[in-house]
Amino acid sequence: MKIILTDDVKKIGKKGEVVNVKQGYFRNFILPNNLGVEANKENLAKLNEHLEELKKEEDKNIKEAKENKEKIEKTDVTIKVKAGENGKLFGSITNMDIKKALDKKGIEVDKKKIDKADIDSLGSYEVTIKLYQQISAKLKVNVEAE
């Protein structure tokens with residue numbers, strides 16, 4: 001019997017997949033637990049509509065991520081901090097510092113997406129920002145003394 005899974009089912013399949021199961025398994029486990037529906041014409045049509053909507057949303061997110069990547073890679077950020085002799089910083093530059101500097105430039109980024117190397121002295125650094133699944137941007141960060 002063909003069914004459409006409405007939730008992930010261990011050893012059977014993932015949400016949205018069309019799979020074959022025995023009729024008793026469907027009637028006694030899948031249906032009572034709302035894990036799937038019968039794969040008839042009506043339900044398959046709804047599934048195809050839903051998959052098309054997900055594809056459009058995915059394309060939109062990829063487009064936005066590419067636009068943000070271009071903005072970020074064209075931008076240089078300068079952060080002024082207190083530093084001691086030999087250019088050593090009092091403390092270090094955090095993801096939040098980089099996020100605030102980007103916010104001032106009008107670019108919104110989640111601080112958890114910033115993959116920062118240890119910045120503990122004056123100079124120029126390149127920081128990677130993960131924007132979407134395989135899309136990331138390189139941001140040039142200049143650290144200067146106050």
Side-chain angles (χ1 to χ4, degrees), residues 2-21 25-26 28-40 42-146:
K2 285 191 175 222
I3 64 166
I4 301 169
L5 295 175
T6 56
D7 206 352
D8 292 350
V9 180
K10 214 177 218 181
K11 297 183 181 178
I12 300 296
K14 300 208 178 270
K15 180 179 180 178
E17 288 183 356
V18 178
V19 296
N20 278 322
V21 296
Y25 185 70
F26 173 71
N28 295 321
F29 180 72
I30 301 287
L31 197 59
N33 293 317
N34 292 323
L35 298 174
V37 293
E38 189 175 348
N40 56 26
E42 183 180 315
N43 289 336
L44 287 171
K46 286 180 186 176
L47 175 67
N48 287 335
E49 277 182 34
H50 182 68
L51 292 175
E52 286 177 21
E53 289 174 16
L54 290 177
K55 177 78 171 132
K56 287 179 185 176
E57 190 172 323
E58 177 87 6
D59 291 343
K60 181 182 146 215
N61 289 339
I62 289 172
K63 182 182 174 194
E64 287 176 4
K66 286 181 179 178
E67 289 172 1
N68 276 345
K69 178 181 178 175
E70 288 179 21
K71 282 185 199 174
I72 290 171
E73 290 184 344
K74 290 178 184 176
T75 304
D76 286 1
V77 172
T78 302
I79 300 174
K80 296 190 182 239
V81 293
K82 292 184 180 181
E85 293 181 24
N86 302 329
K88 197 81 168 144
L89 300 182
F90 295 131
S92 65
I93 303 297
T94 64
N95 290 1
M96 195 63 186
D97 296 328
I98 295 170
K99 180 187 177 354
K100 286 179 183 176
L102 281 171
D103 285 345
K104 288 179 185 175
K105 300 264 184 175
I107 301 171
E108 295 227 3
V109 174
D110 185 10
K111 72 177 184 176
K112 295 174 188 166
K113 305 269 180 167
I114 300 172
D115 185 30
K116 165 187 84 73
D118 292 330
I119 301 176
D120 57 0
S121 60
L122 299 177
S124 290
Y125 298 90
E126 196 171 82
V127 177
T128 304
I129 301 173
K130 296 173 185 157
L131 299 171
Y132 201 65
Q133 294 165 351
Q134 283 91 25
I135 301 172
S136 59
K138 303 276 185 193
L139 173 68
K140 186 175 179 186
V141 178
N142 299 312
V143 181
E144 298 177 353
E146 283 186 341

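Numbering starts at 1 and runs along the sequence shown. Remember, predicted model here, so these are calculated numbers, not experimental data.
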Novice: Is the side chain of Asn43 donor-acceptor paired with the backbone N or O of Glu38 at a distance under 3.5 Å, no angle test?
Specialist: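 Yes: the side chain of Asn43 pairs with the backbone of Glu38.
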Novice: Which distance, rounded to the nearest 0.5 Å, do you find between the CG of Asn61 and the CG of Leu131?
Specialist: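 Going from the CG atom of Asn61 to the CG atom of Leu131 covers 11.5 Å.
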Novice: Regarding Glu73 and Lys138, does a basic nitrogen lie under 4.0 Å from an acidic carboxylate oxygen?
Specialist: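 A salt bridge is absent here (no side-chain N lies under 4.0 Å from a carboxylate O).
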Novice: Just wondering, do Ile129 and Leu102 contact through their side chains at under 4.5 Å, heavy atoms?
Specialist: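 Contact flag for Leu102/Ile129 side chains = yes.
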Novice: Rounded to the nearest 0.5 Å, how far does CD of Glu64 lie from OH of Tyr132?
Specialist: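 Between atom OH of Tyr132 and atom CD of Glu64 there are 9.5 Å.
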Novice: Can you find a pair of side-chain heavy atoms, one from Ile12 and one from Leu35, that are under 4.5 Å apart?
Specialist: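 Answer no - side chains too far apart.
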Novice: Please identify which of these residues, Val81, Ile79, Val127, meets the side chain to side chain contact (heavy atoms under 4.5 Å, CB included) condition with Ile119.
Specialist: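 The option that passes is Val127.
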Novice: Using a strict threshold of under 4.0 Å (side-chain N to carboxylate O), is an ion pair present between Lys63 and Asp59?
Specialist: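 The answer is no: the pair does not qualify as a salt bridge.
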Novice: Under the 3.5 angstrom rule, does the side chain of Asp115 hit a backbone N or O of Thr128 as a donor-acceptor pair?
Specialist: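 Side chain of Asp115 to backbone of Thr128: no pair is present.
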Novice: Any heavy-atom pair between the side chains of Glu53 and Glu57 that's under 4.5 Å?
Specialist: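 A side-chain contact is absent here, since even the closest heavy-atom pair is not under 4.5 Å.
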Novice: Is the backbone N or O of Thr94 less than 3.5 Å from a side-chain atom of Lys99, with the two atoms forming a donor-acceptor pair by type?
Specialist: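 Such a contact is absent between Lys99 side chain and Thr94 backbone.
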Novice: Which is it for Glu42 and Lys46 under the salt bridge (Lys or Arg N to Asp or Glu O under 4.0 Å) test, yes or no, and what are the steps along the way?
Specialist: CA-CA 6 Å; Glu42 183 180 315; Lys46 286 180 186 176; 3.7 Å; yes
Novice: Does any non-hydrogen side-chain atom of Val9 lie less than 4.5 Å from one of Tyr25?
Specialist: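 In contact.
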Novice: So, the side chain of Ser121 versus the backbone of Lys88: is there a donor-acceptor pair under 3.5 Å, distance only?
Specialist: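 Absent.
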Novice: For the residue pair Ile98 and Val77, establish whether any side-chain heavy-atom pair is separated by less than 4.5 Å.
Specialist: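 A side-chain contact is absent here, since even the closest heavy-atom pair is not under 4.5 Å.
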Novice: Please check: side-chain N/O of Asn142 versus main-chain N/O of Ser124, any donor-acceptor pairing under 3.5 Å?
Specialist: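 No.
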Novice: Identify whether the distance between the nearest side-chain nitrogen and carboxylate oxygen of Glu70 and Lys66 falls below 4.0 Å.
Specialist: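 Result for this pair is no, no salt bridge flagged.
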